[in-house]
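One-based numbering along the sequence shown.
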Amino acid sequence: MFYGFISITFYVLNALAFMNLAKLAGRRDIAWMAWVPVANRVQQLLLIRKNGAWVLILLIPIVNIVFLILWQVKLLQAYDKSGAWVWMYIFLTPVYEIMWIVWGFSDKTRYVLTAPFNNSTVGGTLNM
């Protein structure tokens, strides 16, 4: 029961944080995706200007781990954080998730990707 409460609490805080991060990036149109289990990964891809269809690569074993790490580095850089934080993602995932929650509610967090969004597709091109 306690584990369930903690899990739900983390899920809600993470969703609220990524809603704030999407709004910070000027993407109010995708802020809702933070609440939907697979769509929240698509949201992260869109925030780093990748097509949401890239989420399908997560179905391929081993490759999915490599791409998740690469995408997390790009997501960190998009919010002006060091790519070295990805080590927390690899070895201490709960701490990493807590850091995203903190960054999502921090006034000091800023979105630094400057290229315009490509609205002609779901989230841009399929380039890696």
Side-chain angles (χ1 to χ4, degrees):
M1 174 102 167
F2 180 71
Y3 177 75
F5 175 75
I6 295 295
S7 297
I8 291 170
T9 302
F10 264 96
Y11 187 83
V12 168
L13 289 173
N14 193 299
L16 288 169
F18 271 94
M19 278 183 65
N20 288 341
L21 291 167
K23 291 174 184 175
L24 182 64
R27 294 298 309 262
R28 291 183 180 278
D29 59 323
I30 63 169
W32 65 270
M33 293 175 128
W35 294 95
V36 183
V38 175
N40 59 12
R41 287 291 179 194
V42 174
Q43 179 196 43
Q44 291 179 13
L45 287 169
L46 296 175
L47 290 173
I48 61 172
R49 309 238 166 94
K50 301 294 176 210
N51 190 297
W54 273 103
V55 78
L56 296 175
I57 207 159
L58 298 179
L59 299 173
I60 304 171
I62 309 295
V63 174
N64 58 2
I65 295 168
V66 173
F67 275 88
L68 275 174
I69 292 169
L70 291 173
W71 294 334
Q72 287 303 308
V73 169
K74 290 182 182 212
L75 188 63
L76 286 162
Q77 292 170 345
Y79 286 96
D80 203 27
K81 307 297 179 200
S82 170
W85 278 100
V86 82
W87 290 107
M88 285 288 193
Y89 179 64
I90 296 168
F91 295 111
L92 293 169
T93 304
V95 174
Y96 182 76
E97 292 299 325
I98 290 169
M99 291 312 301
W100 275 112
I101 292 168
V102 169
W103 294 329
F105 291 106
S106 173
D107 292 334
K108 296 179 182 177
T109 302
R110 59 193 182 101
Y111 186 75
V112 296
L113 289 183
T114 57
F117 285 104
N118 181 355
N119 292 325
S120 63
T121 62
V122 174
T125 60
L126 282 174
N127 61 355
M128 182 50 219

Connected via hydrophobic side-chain network under 4.5 Å: [X] and [Y]:
X: F5; Y: I8; value: yes
X: V73; Y: Y111; value: yes
X: L70; Y: V112; value: no
X: F105; Y: L75; value: no

Can you give each donor-acceptor pair under 3.5 Å made by side-chain atoms of residues 10-26, sequence neighbours left out, with the distance rounded to 0.1 Å?
residue	atom	partner	partner atom	Å
Y11	OH	W35	O	2.5
N14	ND2	E97	OE1	2.5
N20	ND2	G104	O	3.4

Ignoring hydrogens and angles, write down the donor-acceptor pairs under 3.5 Å from the side chains of residues 81-88, residues two or more places apart or on other chains.
residue	atom	partner	partner atom	Å
S82	OG	A84	N	3.1

List for me each residue that meets side-chain contact (heavy atoms from CB on, under 4.5 Å) alongside V102, sequence neighbours excluded, and say none if there are none.
->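 In terms of side-chain contact (heavy atoms from CB on, under 4.5 Å), with neighbours along the sequence ignored, V102 is linked to I98.
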Could I get the full list of side-chain contact (heavy atoms from CB on, under 4.5 Å) partners for N64, not counting sequence neighbours?
->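 Testing N64 for side-chain contact (heavy atoms from CB on, under 4.5 Å), a comparison that skips the adjacent residues, returns L58.
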In chain order, what residues pass the side chain to side chain donor-acceptor pair (under 3.5 Å) check against Q44, with sequence neighbours excluded?
->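 With neighbours one apart ignored, the set is R41, Q72.
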Let me see the working for I30 and V42 under side-chain contact (heavy atoms from CB on, under 4.5 Å), right down to the final yes or no.
-> CA-CA 9 Å; I30 63 169; V42 174; over 6 Å; no
Flag the pair L76 / W103 as yes when at least one side-chain heavy-atom distance between them is below 4.5 Å, and no otherwise.
->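 A side-chain contact under 4.5 Å exists here.
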Parallel, tilted or perpendicular, as decided by the 30° and 60° cut-offs, for the rings of Y89 and Y96 =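 Taking Y89 first and then Y96, their aromatic rings sit tilted (interplane angle of 30° to 60°).
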Could you name each residue pair satisfying salt bridge (Lys or Arg N to Asp or Glu O under 4.0 Å) that touches residues 56-72, not counting sequence neighbours?
->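 Sorted pair list comes back empty.
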Step through it carefully: locate the ring centre of W54, locate the ring centre of F67, and say whether they are under 6.0 Å apart.
->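 Yes, they do, as the ring centres are separated by less than 6.0 Å.
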Rounded distance (nearest 0.5 Å) linking atom [atom1] of [X] with atom [atom2] of [Y]:
X: R27; Y: Q43; atom1: CZ; atom2: CD; result: 9.5 Å
X: K74; Y: L45; atom1: NZ; atom2: CG; result: 10.5 Å
X: S7; Y: F2; atom1: OG; atom2: CZ; result: 10.0 Å
X: I57; Y: K50; atom1: CD1; atom2: NZ; result: 12.0 Å

